[in-house]
There are 2 protein chains.
Amino acid sequence: MPPPAQSPRIDKITPLPSHEAKWIEFLKLDWTDQNGKARVWEAAGRKTRGSSGVDAVAIMTILRHPSRSPATIIILQYRPPVDAICVEFPAGLIDADETPEVAAERELKEETGYVGRVIGMSPTVVSNPGMSTGNMKLATVEVVLVDEDIKPKQQLEEGEFIELIIVPLAELYERLVAYSAEGKKVDSRLWHTAAGLQLAKQLQ
Amino acid sequence: MPPPAQSPRIDKITPLPSHEAKWIEFLKLDWTDQNGKARVWEAAGRKTRGSSGVDAVAIMTILRHPSRSPATIIILQYRPPVDAICVEFPAGLIDADETPEVAAERELKEETGYVGRVIGMSPTVVSNPGMSTGNMKLATVEVVLVDEDIKPKQQLEEGEFIELIIVPLAELYERLVAYSAEGKKVDSRLWHTAAGLQLAKQLQ
(Lines give C-alpha, C1' and ligand atoms only; values in the text may rest on other atoms or scores of the structure.)
Protein backbone atom coordinates (compact mmCIF):
# COMPACT_ATOMS: atom_id res chain seq x y z
CA MET A 1 0.00 0.00 0.00
CA PRO A 2 1.47 3.40 -0.91
CA PRO A 3 1.63 5.77 2.04
CA PRO A 4 -1.28 8.23 2.25
CA ALA A 5 -0.62 11.48 0.39
CA GLN A 6 -1.76 13.57 3.36
CA SER A 7 -3.27 13.30 6.82
CA PRO A 8 -7.05 13.08 6.91
CA ARG A 9 -8.88 15.86 8.72
CA ILE A 10 -12.32 16.94 9.86
CA ASP A 11 -13.38 20.15 8.09
CA LYS A 12 -16.80 20.77 9.57
CA ILE A 13 -19.19 19.19 12.04
CA THR A 14 -22.89 20.04 11.68
CA PRO A 15 -26.08 18.54 13.08
CA LEU A 16 -27.37 15.79 10.80
CA PRO A 17 -31.11 16.03 10.12
CA SER A 18 -32.71 12.59 10.37
CA HIS A 19 -34.14 12.71 6.85
CA GLU A 20 -30.68 13.29 5.34
CA ALA A 21 -29.07 10.26 6.98
CA LYS A 22 -28.26 7.50 4.50
CA TRP A 23 -26.38 4.98 6.64
CA ILE A 24 -27.73 5.42 10.14
CA GLU A 25 -31.16 6.09 11.59
CA PHE A 26 -32.46 7.70 14.76
CA LEU A 27 -35.36 6.17 16.57
CA LYS A 28 -37.78 7.25 19.25
CA LEU A 29 -38.87 4.21 21.22
CA ASP A 30 -42.12 4.49 23.15
CA TRP A 31 -42.06 1.67 25.68
CA THR A 32 -43.83 0.51 28.81
CA ASP A 33 -41.63 -0.32 31.76
CA GLN A 34 -41.93 -3.06 34.38
CA ASN A 35 -44.22 -0.89 36.51
CA GLY A 36 -46.57 -0.21 33.58
CA LYS A 37 -45.27 3.31 33.14
CA ALA A 38 -45.05 4.79 29.61
CA ARG A 39 -41.50 5.91 28.86
CA VAL A 40 -39.37 7.11 25.95
CA TRP A 41 -35.90 5.95 24.87
CA GLU A 42 -33.66 7.40 22.15
CA ALA A 43 -31.64 5.06 19.95
CA ALA A 44 -29.39 5.07 16.90
CA GLY A 45 -28.92 2.23 14.47
CA ARG A 46 -27.61 1.19 11.08
CA LYS A 47 -29.91 1.08 8.05
CA THR A 48 -27.80 -1.53 6.28
CA ARG A 49 -28.73 -4.79 8.06
CA GLY A 50 -29.29 -7.62 5.55
CA SER A 51 -30.83 -11.07 5.57
CA SER A 52 -28.41 -12.42 8.19
CA GLY A 53 -30.05 -10.15 10.79
CA VAL A 54 -26.59 -9.09 11.92
CA ASP A 55 -24.97 -5.73 11.17
CA ALA A 56 -21.30 -6.52 11.35
CA VAL A 57 -18.61 -9.09 11.95
CA ALA A 58 -15.26 -8.63 13.66
CA ILE A 59 -12.39 -11.04 13.17
CA MET A 60 -10.13 -12.45 15.86
CA THR A 61 -7.42 -14.01 13.73
CA ILE A 62 -5.22 -16.77 15.12
CA LEU A 63 -2.05 -16.81 13.04
CA ARG A 64 -0.34 -20.17 13.34
CA HIS A 65 3.30 -20.34 12.35
CA PRO A 66 5.56 -23.40 12.63
CA SER A 67 8.19 -21.63 14.73
CA ARG A 68 6.52 -18.60 16.28
CA SER A 69 4.01 -18.15 19.08
CA PRO A 70 0.36 -17.62 18.09
CA ALA A 71 -0.34 -14.10 16.88
CA THR A 72 -3.31 -12.02 15.84
CA ILE A 73 -3.87 -9.24 13.30
CA ILE A 74 -4.94 -5.75 14.31
CA ILE A 75 -5.54 -2.85 11.97
CA LEU A 76 -4.88 0.86 12.20
CA GLN A 77 -7.17 3.23 10.33
CA TYR A 78 -8.45 6.79 10.59
CA ARG A 79 -12.03 6.99 11.84
CA PRO A 80 -13.87 10.28 11.28
CA PRO A 81 -16.35 9.91 14.22
CA VAL A 82 -13.46 10.10 16.69
CA ASP A 83 -11.00 12.00 14.43
CA ALA A 84 -8.16 9.64 15.27
CA ILE A 85 -6.23 6.62 14.11
CA CYS A 86 -8.04 3.68 15.67
CA VAL A 87 -6.68 0.27 16.58
CA GLU A 88 -9.20 -2.47 15.87
CA PHE A 89 -9.77 -6.06 14.92
CA PRO A 90 -10.42 -6.36 11.17
CA ALA A 91 -14.19 -5.98 10.79
CA GLY A 92 -16.88 -4.91 8.41
CA LEU A 93 -20.56 -4.77 7.65
CA ILE A 94 -22.19 -7.97 6.46
CA ASP A 95 -23.51 -7.60 2.89
CA ALA A 96 -27.25 -7.94 2.22
CA ASP A 97 -27.30 -11.64 1.30
CA GLU A 98 -24.08 -12.74 2.93
CA THR A 99 -23.60 -15.08 5.89
CA PRO A 100 -21.42 -13.89 8.80
CA GLU A 101 -18.92 -16.65 7.98
CA VAL A 102 -18.49 -15.53 4.37
CA ALA A 103 -18.29 -11.89 5.47
CA ALA A 104 -15.55 -12.72 8.00
CA GLU A 105 -13.33 -14.48 5.47
CA ARG A 106 -14.00 -11.77 2.85
CA GLU A 107 -13.26 -8.85 5.18
CA LEU A 108 -10.08 -10.47 6.47
CA LYS A 109 -8.87 -11.00 2.91
CA GLU A 110 -9.75 -7.47 1.81
CA GLU A 111 -8.32 -5.67 4.82
CA THR A 112 -5.23 -7.80 5.40
CA GLY A 113 -4.69 -10.06 2.37
CA TYR A 114 -4.63 -13.14 4.61
CA VAL A 115 -6.81 -16.11 3.74
CA GLY A 116 -8.21 -17.98 6.72
CA ARG A 117 -10.88 -20.38 7.83
CA VAL A 118 -13.62 -19.60 10.35
CA ILE A 119 -13.12 -21.95 13.31
CA GLY A 120 -15.53 -20.25 15.71
CA MET A 121 -18.47 -17.85 15.54
CA SER A 122 -19.97 -16.06 18.52
CA PRO A 123 -23.68 -15.75 19.13
CA THR A 124 -25.12 -12.45 17.93
CA VAL A 125 -24.09 -9.91 20.56
CA VAL A 126 -25.35 -6.36 20.97
CA SER A 127 -22.88 -3.60 20.26
CA ASN A 128 -23.92 -0.93 22.74
CA PRO A 129 -27.46 -1.68 23.90
CA GLY A 130 -27.89 1.44 26.02
CA MET A 131 -28.10 3.63 22.91
CA SER A 132 -27.83 1.50 19.79
CA THR A 133 -29.88 -1.12 17.99
CA GLY A 134 -26.59 -2.44 16.55
CA ASN A 135 -25.43 -6.03 16.78
CA MET A 136 -22.47 -8.07 15.61
CA LYS A 137 -20.69 -11.40 15.71
CA LEU A 138 -17.07 -12.15 16.54
CA ALA A 139 -15.52 -14.73 14.21
CA THR A 140 -12.41 -16.66 15.17
CA VAL A 141 -10.44 -17.22 11.98
CA GLU A 142 -7.39 -19.44 11.77
CA VAL A 143 -4.64 -18.59 9.31
CA VAL A 144 -1.96 -21.23 8.88
CA LEU A 145 1.36 -19.86 7.69
CA VAL A 146 4.18 -21.79 6.12
CA ASP A 147 7.67 -21.09 7.35
CA GLU A 148 8.14 -17.97 5.28
CA ASP A 149 7.34 -14.33 5.59
CA ILE A 150 5.35 -13.70 2.48
CA LYS A 151 3.20 -10.63 3.06
CA PRO A 152 -0.05 -11.03 1.13
CA LYS A 153 -1.51 -8.06 -0.71
CA GLN A 154 -4.48 -6.18 0.74
CA GLN A 155 -7.52 -5.68 -1.50
CA LEU A 156 -8.62 -2.26 -0.38
CA GLU A 157 -11.21 -0.04 -1.96
CA GLU A 158 -10.24 3.29 -3.50
CA GLY A 159 -9.65 5.74 -0.66
CA GLU A 160 -9.30 3.06 2.02
CA PHE A 161 -6.08 3.23 4.05
CA ILE A 162 -5.57 0.39 6.47
CA GLU A 163 -2.29 -0.55 8.11
CA LEU A 164 -2.06 -4.05 9.48
CA ILE A 165 0.05 -5.18 12.41
CA ILE A 166 0.82 -8.72 13.46
CA VAL A 167 0.99 -9.03 17.25
CA PRO A 168 1.83 -12.12 19.29
CA LEU A 169 -1.24 -12.76 21.46
CA ALA A 170 0.95 -12.83 24.56
CA GLU A 171 1.92 -9.19 23.84
CA LEU A 172 -1.49 -7.84 22.78
CA TYR A 173 -2.35 -6.07 26.04
CA GLU A 174 0.98 -4.26 26.33
CA ARG A 175 0.85 -3.22 22.67
CA LEU A 176 -2.60 -1.68 23.11
CA VAL A 177 -1.41 0.22 26.18
CA ALA A 178 1.50 1.55 24.10
CA TYR A 179 -0.73 2.59 21.17
CA SER A 180 -3.04 4.44 23.57
CA ALA A 181 -0.09 6.22 25.14
CA GLU A 182 0.96 7.56 21.72
CA GLY A 183 -2.52 8.97 21.01
CA LYS A 184 -4.12 6.23 18.96
CA LYS A 185 -7.62 5.18 20.04
CA VAL A 186 -8.17 1.51 20.80
CA ASP A 187 -11.56 0.03 19.93
CA SER A 188 -13.53 -1.05 23.02
CA ARG A 189 -14.10 -4.61 21.78
CA LEU A 190 -10.42 -5.16 21.01
CA TRP A 191 -9.51 -3.71 24.42
CA HIS A 192 -11.90 -6.04 26.23
CA THR A 193 -10.43 -9.07 24.45
CA ALA A 194 -6.97 -8.04 25.59
CA ALA A 195 -8.32 -7.40 29.09
CA GLY A 196 -9.64 -10.98 29.14
CA LEU A 197 -6.27 -12.35 28.01
CA GLN A 198 -4.50 -10.24 30.62
CA LEU A 199 -6.91 -11.27 33.39
CA ALA A 200 -6.29 -14.93 32.56
CA LYS A 201 -2.56 -14.33 33.09
CA GLN A 202 -3.15 -12.65 36.44
CA LEU A 203 -5.40 -15.47 37.65
CA GLN A 204 -2.89 -18.20 36.83
CA MET B 1 -35.54 -6.10 44.80
CA PRO B 2 -39.22 -6.96 44.29
CA PRO B 3 -39.90 -8.78 41.04
CA PRO B 4 -41.12 -6.57 38.18
CA ALA B 5 -44.91 -6.23 38.07
CA GLN B 6 -44.97 -6.93 34.31
CA SER B 7 -42.71 -7.50 31.31
CA PRO B 8 -41.48 -4.36 29.62
CA ARG B 9 -42.50 -3.87 26.00
CA ILE B 10 -41.95 -1.59 23.01
CA ASP B 11 -45.20 0.15 22.03
CA LYS B 12 -44.12 2.22 19.06
CA ILE B 13 -40.99 2.98 17.06
CA THR B 14 -40.90 6.26 15.15
CA PRO B 15 -38.15 8.25 13.47
CA LEU B 16 -36.53 10.63 15.95
CA PRO B 17 -36.08 14.14 14.55
CA SER B 18 -32.63 15.46 15.47
CA HIS B 19 -33.99 18.56 17.21
CA GLU B 20 -36.11 16.45 19.58
CA ALA B 21 -33.20 14.29 20.79
CA LYS B 22 -32.26 15.02 24.41
CA TRP B 23 -29.63 12.37 25.13
CA ILE B 24 -28.01 11.62 21.80
CA GLU B 25 -26.98 13.71 18.81
CA PHE B 26 -26.53 13.06 15.12
CA LEU B 27 -23.62 14.60 13.32
CA LYS B 28 -22.64 15.17 9.72
CA LEU B 29 -18.87 15.12 9.44
CA ASP B 30 -17.34 16.83 6.43
CA TRP B 31 -13.80 15.51 6.18
CA THR B 32 -10.89 15.36 3.76
CA ASP B 33 -9.40 11.94 3.16
CA GLN B 34 -5.78 10.85 2.65
CA ASN B 35 -6.02 11.59 -1.09
CA GLY B 36 -7.31 15.12 -0.49
CA LYS B 37 -10.86 14.17 -1.47
CA ALA B 38 -13.81 15.81 0.33
CA ARG B 39 -16.06 13.19 1.93
CA VAL B 40 -18.98 12.94 4.33
CA TRP B 41 -19.43 10.60 7.33
CA GLU B 42 -22.50 10.13 9.51
CA ALA B 43 -22.10 9.67 13.24
CA ALA B 44 -24.12 9.40 16.44
CA GLY B 45 -22.99 10.40 19.89
CA ARG B 46 -24.03 11.15 23.45
CA LYS B 47 -24.75 14.72 24.56
CA THR B 48 -23.93 13.96 28.19
CA ARG B 49 -20.10 13.89 28.25
CA GLY B 50 -18.74 15.77 31.27
CA SER B 51 -15.41 17.18 32.40
CA SER B 52 -13.69 13.78 32.41
CA GLY B 53 -13.95 13.70 28.60
CA VAL B 54 -15.25 10.14 28.85
CA ASP B 55 -18.86 9.09 28.35
CA ALA B 56 -19.10 5.91 30.34
CA VAL B 57 -17.36 3.41 32.56
CA ALA B 58 -17.84 -0.36 32.67
CA ILE B 59 -16.79 -2.43 35.64
CA MET B 60 -14.96 -5.73 35.56
CA THR B 61 -15.35 -6.84 39.16
CA ILE B 62 -12.96 -9.33 40.70
CA LEU B 63 -14.74 -10.90 43.66
CA ARG B 64 -12.21 -12.39 46.05
CA HIS B 65 -13.51 -14.94 48.51
CA PRO B 66 -11.40 -16.91 51.00
CA SER B 67 -12.59 -20.31 49.81
CA ARG B 68 -13.97 -19.84 46.30
CA SER B 69 -12.39 -19.21 42.94
CA PRO B 70 -12.34 -15.63 41.64
CA ALA B 71 -15.69 -14.50 40.30
CA THR B 72 -17.14 -11.49 38.53
CA ILE B 73 -20.52 -9.75 38.55
CA ILE B 74 -22.70 -9.50 35.47
CA ILE B 75 -26.08 -7.83 35.29
CA LEU B 76 -29.29 -8.62 33.45
CA GLN B 77 -31.55 -5.77 32.41
CA TYR B 78 -34.10 -4.95 29.73
CA ARG B 79 -32.72 -2.60 27.06
CA PRO B 80 -35.27 -0.85 24.85
CA PRO B 81 -32.93 -0.31 21.83
CA VAL B 82 -32.70 -4.08 21.33
CA ASP B 83 -36.03 -5.01 23.05
CA ALA B 84 -34.39 -7.78 25.05
CA ILE B 85 -32.89 -8.68 28.38
CA CYS B 86 -29.20 -7.90 28.01
CA VAL B 87 -26.26 -9.42 29.84
CA GLU B 88 -23.61 -6.83 30.63
CA PHE B 89 -20.88 -5.74 32.98
CA PRO B 90 -22.20 -3.17 35.46
CA ALA B 91 -21.71 0.20 33.75
CA GLY B 92 -22.99 3.72 33.61
CA LEU B 93 -22.50 7.22 32.36
CA ILE B 94 -19.90 9.33 34.15
CA ASP B 95 -21.54 12.33 35.83
CA ALA B 96 -20.57 15.86 34.75
CA ASP B 97 -17.88 16.51 37.36
CA GLU B 98 -17.02 12.96 38.31
CA THR B 99 -13.80 11.04 37.71
CA PRO B 100 -14.03 7.62 36.03
CA GLU B 101 -12.75 6.03 39.26
CA VAL B 102 -15.50 7.57 41.40
CA ALA B 103 -18.11 6.69 38.77
CA ALA B 104 -16.95 3.06 38.71
CA GLU B 105 -17.24 2.59 42.46
CA ARG B 106 -20.57 4.47 42.53
CA GLU B 107 -22.15 2.51 39.68
CA LEU B 108 -21.02 -0.82 41.12
CA LYS B 109 -22.56 0.09 44.47
CA GLU B 110 -25.83 1.31 42.95
CA GLU B 111 -26.32 -1.56 40.54
CA THR B 112 -25.06 -4.42 42.71
CA GLY B 113 -24.71 -3.19 46.30
CA TYR B 114 -21.09 -4.32 46.41
CA VAL B 115 -18.41 -1.94 47.60
CA GLY B 116 -15.09 -2.28 45.84
CA ARG B 117 -11.81 -0.57 45.12
CA VAL B 118 -10.56 0.38 41.65
CA ILE B 119 -7.33 -1.56 41.06
CA GLY B 120 -7.02 -0.87 37.35
CA MET B 121 -8.33 1.63 34.80
CA SER B 122 -8.05 1.24 31.04
CA PRO B 123 -7.03 4.03 28.71
CA THR B 124 -10.00 5.79 27.11
CA VAL B 125 -11.17 3.43 24.39
CA VAL B 126 -13.66 4.17 21.60
CA SER B 127 -16.98 2.37 21.78
CA ASN B 128 -17.79 1.82 18.10
CA PRO B 129 -15.67 4.23 16.05
CA GLY B 130 -17.21 3.35 12.67
CA MET B 131 -20.44 5.13 13.59
CA SER B 132 -20.17 6.64 17.05
CA THR B 133 -18.27 9.41 18.77
CA GLY B 134 -18.70 7.44 22.02
CA ASN B 135 -15.88 6.47 24.34
CA MET B 136 -15.48 4.66 27.64
CA LYS B 137 -13.11 3.21 30.18
CA LEU B 138 -13.04 -0.26 31.69
CA ALA B 139 -12.37 -0.24 35.43
CA THR B 140 -11.12 -3.31 37.23
CA VAL B 141 -12.66 -3.25 40.71
CA GLU B 142 -11.69 -5.62 43.47
CA VAL B 143 -14.30 -6.66 46.01
CA VAL B 144 -12.98 -8.61 48.98
CA LEU B 145 -15.60 -10.81 50.64
CA VAL B 146 -15.43 -12.27 54.09
CA ASP B 147 -16.38 -15.89 54.49
CA GLU B 148 -20.09 -15.28 54.45
CA ASP B 149 -22.79 -14.90 51.89
CA ILE B 150 -24.25 -11.58 52.81
CA LYS B 151 -25.99 -10.17 49.75
CA PRO B 152 -25.69 -6.40 49.83
CA LYS B 153 -28.67 -4.27 48.86
CA GLN B 154 -28.79 -2.59 45.45
CA GLN B 155 -29.44 1.15 45.35
CA LEU B 156 -31.53 1.36 42.21
CA GLU B 157 -33.46 4.34 40.94
CA GLU B 158 -37.24 4.24 40.67
CA GLY B 159 -38.15 2.13 37.63
CA GLU B 160 -34.71 0.48 37.37
CA PHE B 161 -34.78 -3.32 37.35
CA ILE B 162 -31.37 -4.96 37.40
CA GLU B 163 -30.70 -8.57 38.29
CA LEU B 164 -27.16 -9.40 39.30
CA ILE B 165 -25.40 -12.71 38.83
CA ILE B 166 -22.11 -13.80 40.34
CA VAL B 167 -20.13 -15.97 37.93
CA PRO B 168 -16.80 -17.67 38.54
CA LEU B 169 -14.43 -16.23 35.93
CA ALA B 170 -13.51 -19.74 34.81
CA GLU B 171 -17.16 -20.28 33.81
CA LEU B 172 -17.89 -16.88 32.24
CA TYR B 173 -17.63 -17.95 28.61
CA GLU B 174 -19.93 -20.97 28.97
CA ARG B 175 -22.47 -18.94 30.95
CA LEU B 176 -22.65 -16.31 28.21
CA VAL B 177 -23.13 -19.02 25.58
CA ALA B 178 -26.01 -20.40 27.67
CA TYR B 179 -27.65 -16.97 28.14
CA SER B 180 -27.48 -16.39 24.38
CA ALA B 181 -29.04 -19.77 23.69
CA GLU B 182 -32.02 -18.85 25.86
CA GLY B 183 -32.63 -15.59 23.99
CA LYS B 184 -30.85 -13.06 26.16
CA LYS B 185 -28.53 -10.65 24.33
CA VAL B 186 -24.94 -10.48 25.51
CA ASP B 187 -23.19 -7.11 25.34
CA SER B 188 -20.33 -7.07 22.83
CA ARG B 189 -17.75 -5.81 25.34
CA LEU B 190 -18.60 -8.49 27.90
CA TRP B 191 -18.49 -11.13 25.14
CA HIS B 192 -15.05 -10.00 24.01
CA THR B 193 -13.71 -10.19 27.57
CA ALA B 194 -14.97 -13.76 27.84
CA ALA B 195 -13.51 -14.52 24.39
CA GLY B 196 -10.12 -13.32 25.67
CA LEU B 197 -10.37 -15.50 28.77
CA GLN B 198 -11.40 -18.48 26.63
CA LEU B 199 -8.62 -17.88 24.11
CA ALA B 200 -6.07 -17.85 26.94
CA LYS B 201 -7.32 -21.29 28.00
CA GLN B 202 -7.01 -22.66 24.46
CA LEU B 203 -3.48 -21.30 24.06
CA GLN B 204 -2.21 -22.89 27.26
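Top candidate by heavy-atom pairs under 4.5 Å with chain A, chosen from B:Thr14, B:Ile10, B:Ile13, is B:Thr14. Most heavy-atom pairs under 4.5 Å with chain B, from the set A:Gly120, A:Ala56, A:Ala170, A:Ser127: that is A:Ser127. Residue with the most contacts toward chain A among B:Ala200, B:Pro17, B:Pro129, B:Ser180: B:Pro129 (heavy-atom pairs, distance under 4.5 Å). Counting heavy-atom pairs closer than 4.5 Å to chain B, the top residue among A:Pro15, A:Ser18, A:Gly134 is A:Ser18. With chain A as the partner, the residue from B:Val125, B:Asn128, B:Val126 showing the most heavy-atom pairs under 4.5 Å is B:Val126. The most heavy-atom pairs under 4.5 Å with chain B, out of A:Ile24, A:Asp33, A:Thr133, come from A:Ile24. Interface summary for chain B: among A:Ser7, A:Gly36, A:Ala84, the most heavy-atom pairs under 4.5 angstrom belong to A:Gly36. With respect to chain A, the highest number of heavy-atom pairs below 4.5 Å among B:Ser69, B:Ala91, B:Pro123 belongs to B:Pro123. If you tally non-hydrogen atom pairs under 4.5 Å between each of A:Cys86, A:Gly45, A:Ala194, A:Ser122 and chain B, the highest count goes to A:Ser122. Of the listed residues A:Leu27, A:Val82, A:Val87, the one with more heavy-atom pairs under 4.5 angstrom with chain B than any other is A:Leu27.
Between B:Glu25 and B:Arg46, no side-chain nitrogen of the basic residue sits less than 4.0 Å from a carboxylate oxygen of the acidic one, so the salt-bridge criterion is not met. Between B:Glu42 and B:Lys28 there is no salt bridge, since no side-chain N of the basic residue sits under 4.0 Å from a carboxylate O of the acidic one. Comment: A:Arg189 does not engage A:Glu88 in a salt bridge, judged by the lack of any side-chain N to carboxylate O separation of less than 4.0 angstrom. Under the 4.0 Å criterion applied to side-chain N and carboxylate O atoms, A:Lys184 and A:Glu182 are assigned as salt-bridge partners. Ionic pairing of B:Asp95 and B:Arg106 is present here: one or more N-O contacts between side-chain nitrogen and carboxylate oxygen are shorter than 4.0 angstrom. B:Arg64 has a carboxylate O that lies under 4.0 Å from a charged side-chain N of B:Glu142, or vice versa, which qualifies the two as a salt bridge.
Interface remark: B:Leu172 contributes no atoms to any contact with chain A (heavy atom separation under 4.5 Å). For chain B, no part of A:Leu93 is nearby; none of its heavy atoms comes within less than 4.5 Å. For B:Leu203, the part lying under 4.5 angstrom from a heavy atom of chain A is the side chain only. With a 4.5 angstrom heavy-atom cutoff, B:Met131 touches chain A via backbone and side-chain atoms both. In this structure, the portions of B:Lys185 lying under 4.5 Å from any heavy atom of chain A include both its backbone and its side chain. With a 4.5 Å cut-off on non-hydrogen atoms, A:Trp23 touches chain B through its backbone and its side chain both. Neither the backbone nor the side chain of B:Leu176 comes within contact range of chain A; no heavy atoms are under 4.5 Å apart. Within the 4.5 angstrom heavy-atom criterion, atoms from both the backbone and the side chain of B:Lys22 approach chain A. Using a 4.5 Å cut-off between heavy atoms, B:Leu138 contacts chain A through its side chain alone, with no backbone atom that close. Only the side chain of B:Pro70 comes within contact range of chain A, with at least one heavy atom under 4.5 Å from a heavy atom of that chain.
In this structure the side chain of A:Gln154 reaches within 4.5 angstrom of the side chain of A:Ile162, judged on heavy atoms. Between A:Phe89 and A:Met60 the shortest side-chain heavy-atom distance falls below 4.5 Å.
Side-chain N/O atoms of A:Asp11 and B:Thr32 include a donor and acceptor closer than 3.5 Å. Counted by atom type alone, A:Thr124 and A:Asn135 present zero donor-acceptor pairs between their side chains at under 3.5 Å.
Classification of the A:Tyr173-A:Trp191 ring pair by plane angle, with boundaries at 30° and 60°, yields tilted.
Interatomic distance, CG of A:Asp55 versus CZ of A:Arg49, reported as 4.0 Å (0.5 Å rounding).
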